[in-house]
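Note sheet for the following structure.
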Amino acid sequence: MQATVQASSTAQTSSTLSEDLYALVVYLHKTCTADLFEAMGLLELTITQIKLMHQLEGSERELTLKEAAGRVPLSVPAASRTVDDLVRRGFIQRHEDSEDRRMKRIGLTDDGRSVIRRLNAARLNGLEQFTQTLTDDERRTLAQALDTLLARPDVAVCRPEGM
């Protein structure tokens with residue numbers, strides 16, 4: 001009986017925590033993305049193109065078109081059209097695989113990396129504006145929670161460059 005109550009309490013806490021985190025994420029999306037959307041508009045990029053470029057940025061190697069499509073996710077023909085546009089614009093490079101000429105490999109160009117840095121800076125600017133609205137106690141509490149979460153390698157790897 002005690003284990004059932006404890007498990008139920010943990011599940012409810014997890015659900016409540018998820019809902020609270022959702023509320024914060026929605027708030028941040030509503031109030032901190034103006035610079036991001038402006039940058040997207042100026043660059044004339046779609047969310048799908050940005051997702052694909054982020055996947056390439058986070059990859060340790062160039063990806064095949066099929067791998068990239070699976071990560072976004074997109075059908076291979078849709079991924080091919082997305083890649084075609086990004087190649088035309090100089091943000092992605094595409095070439096034949098050295099071992100299997102039927103496969104195409106894609107990777108970010110220096111211009112593509114510059115675009116990702118620009119989009120990340122726009123996101124960060126919105127969050128900096130949010131953190132400036134926090135009280136000292138709120139800032140301290142948030143910093144303590146983030147320290148714990150950023151101890152996880154899968155979270156820490158997402159920190160902006162140079163931090």
Side-chain angles (χ1 to χ4, degrees), residues 1-63 67-74 78-79 82-83 85-86 89-93 106-163:
M1 181 79 162
Q2 180 70 12
T4 304
V5 171
Q6 186 176 11
S8 175
S9 175
T10 302
Q12 185 175 0
T13 302
S14 178
S15 177
T16 302
L17 181 60
S18 297
E19 291 168 1
D20 291 347
L21 184 57
Y22 175 84
L24 177 61
V25 169
V26 168
Y27 174 81
L28 292 173
H29 278 285
K30 286 181 179 180
T31 61
C32 299
T33 55
D35 289 345
L36 174 62
F37 289 132
E38 180 181 350
M40 287 173 62
L42 291 172
L43 293 165
E44 297 181 2
L45 289 170
T46 66
I47 291 174
T48 299
Q49 289 171 323
I50 293 168
K51 286 169 48 176
L52 178 61
M53 292 173 66
H54 273 293
Q55 288 299 318
L56 292 171
E57 178 204 28
S59 180
E60 296 175 5
R61 59 177 173 75
E62 291 181 323
L63 301 176
E67 288 171 328
R71 289 184 182 192
V72 172
L74 288 172
T82 300
V83 167
D85 185 51
L86 293 170
R89 296 172 67 187
F91 298 150
I92 289 180
Q93 62 183 345
I106 57 175
L108 279 181
T109 62
D110 289 340
D111 286 346
R113 279 184 274 287
S114 177
V115 165
I116 292 297
R117 282 192 300 274
R118 183 173 174 183
L119 294 171
N120 288 344
R123 280 188 187 107
L124 188 58
N125 186 51
L127 293 171
E128 285 173 352
Q129 291 174 16
F130 167 71
T131 58
Q132 289 172 2
T133 69
L134 299 176
T135 66
D136 288 342
D137 285 342
E138 290 170 334
R139 199 173 288 115
R140 197 171 16 262
T141 301
L142 180 59
Q144 288 171 345
L146 291 176
D147 282 346
T148 301
L149 295 173
L150 285 166
R152 290 178 44 167
D154 59 333
V155 177
V157 73
C158 295
R159 288 185 76 105
E161 289 179 12
M163 298 187 95

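Throughout, residue positions are numbered sequentially from 1 according to the sequence presented.
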Would you give the length of the straight line joining atom [atom1] of [X] to atom [atom2] of [Y], rounded to the nearest 0.5 angstrom?
X: Phe91; Y: Ser114; atom1: CZ; atom2: OG; value: 8.5 Å
X: Thr141; Y: Leu146; atom1: OG1; atom2: CG; value: 10.5 Å
X: Leu108; Y: Leu56; atom1: CG; atom2: CG; value: 5.0 Å
X: Leu149; Y: Asp154; atom1: CG; atom2: CG; value: 10.0 Å
X: Gln132; Y: Leu127; atom1: CD; atom2: CG; value: 11.0 Å
X: Ile50; Y: Leu36; atom1: CD1; atom2: CG; value: 6.0 Å

What's the verdict on side chain to side chain contact (heavy atoms under 4.5 Å, CB included) for Gln129 and Asp35, showing C-alpha distance, side-chain angles and the deciding distance?
CA-CA 11 Å; Gln129 291 174 16; Asp35 289 345; 3.9 Å; yes
Provide the closest heavy-atom pair for [X] versus [Y] in the form atom of the first, atom of the second, distance.
X: Glu138; Y: Thr135; result: OE1-N, 2.8 Å
X: Glu44; Y: Gln49; result: O-OE1, 3.9 Å
X: Ile47; Y: Met40; result: CG1-CE, 3.6 Å
X: Arg118; Y: Leu43; result: NH1-CD2, 3.5 Å
X: Arg139; Y: Leu134; result: NH2-O, 2.8 Å

Is any side-chain heavy atom of [Y] closer than 4.5 Å to one of [X]?
X: Leu52; Y: Ile92; result: yes
X: Arg89; Y: Leu45; result: yes
X: Ser59; Y: Glu67; result: no
X: Glu57; Y: Asn120; result: yes

Under the side chain to side chain contact (heavy atoms under 4.5 Å, CB included) rule, what do Glu62 and Gln93 come out as? Steps first, then yes or no, please.
CA-CA 10 Å; Glu62 291 181 323; Gln93 62 183 345; 3.4 Å; yes
Arg152 atom CZ, over 12 foreign heavy atoms within 6.0 Å
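Not buried by this count: 12 neighbours or fewer within 6.0 Å.
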